[in-house]
2 protein chains.
Amino acid sequence: MILMFDYCINRLSAYTSLSIEEKGVLRGVVDKKIKHCRGDNIMLAGSEPKSIHVIYNGWASRYKVLPNGREHIVAYLIPGDMCDVHVTLLKRMDHSIRAETPLTVGVIDGGHVDYIMHCYPNLAKALFWSMLVDESIAREWLVNLAGRSAEVRIANLFCELFLRSKVAGLTSSDTFVMPLNQVKISEAMGLTSVHTNRVIQRLKRDKLIVVNKQNIQIPDFSRLQAFADFNGDYLHMGFS
Amino acid sequence: MILMFDYCINRLSAYTSLSIEEKGVLRGVVDKKIKHCRGDNIMLAGSEPKSIHVIYNGWASRYKVLPNGREHIVAYLIPGDMCDVHVTLLKRMDHSIRAETPLTVGVIDGGHVDYIMHCYPNLAKALFWSMLVDESIAREWLVNLAGRSAEVRIANLFCELFLRSKVAGLTSSDTFVMPLNQVKISEAMGLTSVHTNRVIQRLKRDKLIVVNKQNIQIPDFSRLQAFADFNGDYLHMGFS
DNA sequence: GATAGTTTTTAACATTAGTTAAGAATCAGT
DNA sequence: ACTGATTCTTAACTAATGTTAAAAACTATC
């Protein structure tokens with residue numbers, strides 16, 4: 001359980017190396033852990049959270065609801081990701097966050113956030129950096145939705161999720177865990193679940209991915225990367 | 001010319017009221033003005049800019065190039081917007097920025113940025129806030145691309161651009177200036193220019209917008225808003 | 001190992017948006 | 001006012017993705 005925070009530390013370390021002290025501070029400011037069931041909202045659009053949340057395990061999504069009732073996922077959150085650092089400045093959530101699997105989050109409340117921001121400038125920068133990487137990912141998703149066919153788009157998503165999982169320390173060799181079903185993929189990719197299914201079948205048939213329950217193996221990353229027109233620069237984690 | 005910076009100050013004022021001193025500091029840190037021709041790159045993906053840029057007049061776009069040569073616009077920048085505050089943390093640009101009209105930018109170089117960040121915490125927060133609003137806009141664009149039909153999508157864009165122009169102080173009553181052609185709209189909306197044209201004709205025919213050269217009049221904003229399924233919360237500027 | 005719930009798969013058909021290419025209208029510079 | 005360049009518009013045709021609904025394959029639980 002002590003290791004829970006390490007996914008987050010791994011991720012921030014892609015930006016800057018954290019001192020033993022800084023890592024200790026990060027672990028120390030977590031006030032409590034909360035467990036959520038799949039489907040629970042961690043945070044609702046319009047709310048004004050006073051604390052920030054770090055995902056220990058499980059996946060979550062940022063999503064918005066359209067008037068026709070359809071829900072659109074604008075980001076996936078994996079272990080180590082922080083949910084809402086931006087509320088230090090934006091006051092109100094402009095989207096909701098939901099647990100997409102059973103999930104545990106660490107809660108760092110407002111006072112502790114302020115403490116980090118004032119006393120640990122290097123940590124503060126790392127937190128802002130992680131927000132900006134989220135922004136960069138959103139921009140790449142825009143290109144993905146606007147300019148790539150369904151097949152290339154989904155292949156691109158798998159490349160991203162594999163690398164993000166890898167940086168967090170969640171992969172074993174060429175395999176990562178993708179605990180979301182095809183409906184959730186379709187809600188993020190702007191496709192129907194039927195079409196998402198057609199596309200994933202083709203990716204499997206062409207051995208670009210090998211799926212075994214929730215484990216996705218990428219037998220040849222560079223082949224998938226080429227097919228997907230994927231360039232990892234936007235993750236700002238030192239990939240070409 | 002002294003008033004050039006006011007669009008930016010207007011925008012930041014939607015977040016926090018700036019003191020006379022702070023406004024003076026912002027104006028004072030601008031080292032030089034640069035004029036760009038339409039089509040000029042202000043900043044290239046992969047570069048490591050040391051200064052930040054504020055748009056005085058004219059419009060720009062953030063864009064990425066796909067291997068097939070197609071260019072995708074991921075954000076429009078209007079007078080008062082800052083191009084690249086995030087390079088204080090992200091080092092490399094993950095996208096390019098281009099002047100889409102003749103354009104003047106103010107340049108604030110690195111030293112001055114550091115000075116603001118250290119000595120004017122309120123200003124520093126305002127700059128970070130503007131980045132986070134950009135991120136929020138990117139998320140809304142994701143929903144727009146993934147979940148709305150071409151007609152509603154473009155209507156939504158016009159709502160956004162009208163309100164952003166209004167906050168910057170660029171509108172006169174119900175009219176704003178949209179200096180980009182239909183090709184540029186299509187590059188942002190993930191549509192072909194032919195289809196963009198079809199859609200804009202329908203919006204004009206239904207009097208949701210009235211176009212006169214580069215002036216776009218919105219005779220009944222609430223009607224356009226309803227058609228567009230637009231909710232301005234994501235702009236974080238106090239709209240419902 | 002039977003049952004209910006969830007997720008994936010299939011199929012037939014409908015619709016939106018893309019493609020290509022050409023013509024009309026508008027604009028900028030002389 | 002004339003010319004060339006740009007932008008907008010139209011048309012006929014194509015392709016990608018959406019829609020609906022039902023069946024099959026899993027998964028978890030008793």
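Values reported hereafter were calculated over all heavy atoms of this structure, with side chains retained and with hydrogens, waters and symmetry mates removed. Treat the numbers as computed from the prediction; the structure is a model and nothing was measured. Chain A is the first sequence line, chain B the second, and so forth, proteins listed ahead of strands; every chain is numbered from 1.
- In this structure A/R92 satisfies the side chain to side chain donor-acceptor pair (under 3.5 Å) test together with A/E48, sequence neighbours excluded.
- Within residues 146-161 of chain B, no residue has any heavy atom under 4.0 Å from DNA chain D.
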Side-chain donor-acceptor distances from residues 70-77 of chain B under 3.5 Å, at least two apart:
from	atom 1	to	atom 2	distance (Å)
B/E71	OE1	B/R98	NH1	2.9
B/E71	OE1	B/R98	NH2	2.8
B/Y76	OH	B/K184	O	2.9

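- The CD-P distance, from A/E187 to D/dG18, rounds to 13 Å in whole Å.
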Give every donor-acceptor pair under 3.5 Å between a side-chain atom in residues 202-218 of chain B and any protein atom, sequence neighbours left out.
from	atom 1	to	atom 2	distance (Å)
B/R202	NH1	B/E151	OE1	3.1
B/R202	NH1	B/E151	OE2	3.1
B/Q217	NE2	B/D174	OD2	3.1

The contact string for nucleotides 20-30 of chain C, one letter per nucleotide 5' to 3', using protein heavy atoms under 4.0 Å with B, S and - for base, sugar-phosphate only and none, comes out as BB-----S---

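- Rounded to the nearest 0.5 Å, atoms CG (B/N144) and CD (B/E160) are 8.5 Å apart.
- Rounded to 10°, the helix from C/dG1-D/dC30 to C/dA22-D/dT9 has 60° between the axis fitted to its first five pairs and the one fitted to its last five.
- Each salt bridge (charged side-chain N to carboxylate O under 4.0 Å, His left out) pair with one or both residues in residues 53-63 of chain B, not counting sequence neighbours, appears once here: B/R62-B/D134.
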* Show your working on side chain to side chain donor-acceptor pair (under 3.5 Å) between A/S136 and B/D94 and close with a plain yes or no. => CA-CA 7 Å; A/S136 179; B/D94 52 60; 3.0 Å; yes

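- At a non-hydrogen distance threshold of 4.0 Å, A/H195, A/R198 from residues 195-207 of chain A come into contact with DNA chain D.
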- Message: Evaluate B/K33 against B/Y56 for side chain to side chain contact (heavy atoms under 4.5 Å, CB included), listing each step before the verdict.
- Response: CA-CA 9 Å; B/K33 286 191 304 188; B/Y56 279 177; 3.3 Å; yes

*Walk me through it: do A/R27 and A/D6 pass the test side chain to side chain contact (heavy atoms under 4.5 Å, CB included)?*
CA-CA 9 Å; A/R27 290 197 187 91; A/D6 287 0; 2.8 Å; yes

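- Here A/S51 pairs with A/H53, A/V107, A/D109 under the side chain to side chain contact (heavy atoms under 4.5 Å, CB included) rule; sequence neighbours left out.
- Side chain of B/S96 to main chain of B/A45: a donor-acceptor pair is present (N/O by atom type, distance under 3.5 Å, no hydrogens or angles).
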**OP:** Test side chain to side chain contact (heavy atoms under 4.5 Å, CB included) on B/I78 and B/Y7 and set out the steps.
**Re:** CA-CA 9 Å; B/I78 70 173; B/Y7 301 133; over 6 Å; no

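- We find the CG-CG distance between B/L180 and B/L161 to be 8.0 Å, quoted to the nearest 0.5 Å.
- The separation between A/N212 atom CG and D/dC26 atom C1' is 13 Å, rounded to whole Å.
- Evaluation of the side chain to side chain contact (heavy atoms under 4.5 Å, CB included) rule for A/A228 yields A/A155, A/N156, A/C159, A/F230 as partners, not counting sequence neighbours.
- Atom-to-atom, CG of A/L145 to P of D/dG18 comes out at 11 Å; the value is rounded to the nearest Å.
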| request: Report the C-alpha distance between A/W59 and A/M178 in whole Å, list the side-chain angles of each, state the deciding distance to 0.1 Å, and finish with yes or no for side chain to side chain contact (heavy atoms under 4.5 Å, CB included). | output: CA-CA 9 Å; A/W59 283 36; A/M178 170 69 187; 3.6 Å; yes

Listed pairs under 3.5 Å, donor-acceptor, residues 192-201 of chain A side chains, sequence neighbours left out:
from	atom 1	to	atom 2	distance (Å)
A/T192	OG1	A/H195	N	3.2
A/H195	ND1	A/R198	NE	3.0
A/H195	ND1	A/R198	NH2	3.2
A/T196	OG1	A/T192	O	2.9
A/N197	OD1	A/Q201	NE2	2.4
A/N197	ND2	A/Q182	OE1	2.9

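- Of the residues in residues 178-185 of chain B, those lying under 4.0 Å from DNA chain D by heavy-atom distance are B/N181, B/Q182.
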